[in-house]
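Hydrogens, waters and symmetry mates play no part in the numbers below; they use all other heavy atoms, side chains included. The structure displayed is predicted, hence computed values, not measured ones.
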Amino acid sequence: TIATLVVDADLVLLEGFKWSSYPKLILLTGSSEENQELLSSASNSIAYITSAQSSHQQLESPVYDRDDIEALADFILQQHHNGHLKYFRE
């Protein structure tokens with residue numbers, strides 16, 4: 001399992017797993033159709049990352065510009081600190 005690979009980690013970010021129940025940051029980089037397909041197939045999204053915030057104003061979770069690394073890192077750390085992110089325990 002992933003837990004056995006990251007024994008001493010406080011936080012692990014994984015790519016993929018869009019069908020899992022883990023909290024997700026959804027990266028919207030495709031066409032409108034590709035983004036819509038991703039939005040309809042992924043569950044438990046906590047935020048969206050895009051290069052065009054204005055085109056995704058109707059999303060329920062926060063939207064971050066992919067170049068705003070500081071704001072995105074702050075959001076992830078806040079979610080982790082508040083216990084909103086799942087973590088592994090042996």
Side-chain angles (χ1 to χ4, degrees):
T1 68
I2 296 169
T4 60
L5 301 174
V6 291
V7 176
D8 294 327
D10 290 327
L11 178 67
V12 176
L13 300 178
L14 303 170
E15 183 177 358
F17 298 92
K18 68 177 134 187
W19 293 284
S20 74
S21 62
Y22 296 121
K24 294 171 193 61
L25 301 168
I26 306 292
L27 181 60
L28 301 172
T29 60
S31 68
S32 292
E33 293 83 22
E34 291 169 328
N35 287 342
Q36 191 57 44
E37 182 179 330
L38 179 59
L39 290 170
S40 64
S41 66
S43 63
N44 202 17
S45 355
I46 59 170
Y48 299 95
I49 305 167
T50 182
S51 58
Q53 279 188 340
S54 60
S55 64
H56 301 287
Q57 291 178 353
Q58 296 177 0
L59 298 173
E60 293 181 15
S61 297
V63 178
Y64 292 92
D65 187 286
R66 71 180 195 174
D67 294 325
D68 194 353
I69 304 302
E70 186 174 337
L72 188 54
D74 287 344
F75 174 77
I76 293 169
L77 291 174
Q78 179 184 31
Q79 293 293 305
H80 178 64
H81 176 74
N82 292 338
H84 297 149
L85 300 179
K86 286 187 179 182
Y87 55 92
F88 299 101
R89 290 278 187 221
E90 290 287 330

Completion exercise
OG (Ser41) and CD1 (Ile26) are apart, to the nearest 0.5 Å, by 7.5 Å

Exercise for the section: Supply the atom-to-atom distance Thr50 OG1 to Asp67 CG, rounded to the nearest 0.5 angstrom. Expected result: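 It comes to 10.5 Å.
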
Holding to side chain to side chain contact (heavy atoms under 4.5 Å, CB included), I want the full list of residues that pass it with [X], two or more places apart in sequence or in another chain.
{"X": "Glu60", "answer": "none"}
{"X": "Leu27", "answer": "Thr29, Ile49"}
{"X": "Gln79", "answer": "Ile46, Phe75, His84, Leu85"}
{"X": "Ser31", "answer": "Glu33, Glu34"}

What pair of heavy atoms forms the shortest contact from [X] to [Y], and how long is it?
{"X": "Ala42", "Y": "Lys24", "answer": "CB-CD, 4.4 Å"}
{"X": "Ser61", "Y": "Tyr48", "answer": "CB-CE1, 3.6 Å"}
{"X": "Ser43", "Y": "Ser20", "answer": "OG-O, 3.5 Å"}

Problem - ILVMFWY network linking Leu72 to Leu77, side-chain heavy atoms under 4.5 angstrom - result: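 Unlinked, Leu72 and Leu77 end up in two clusters.
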
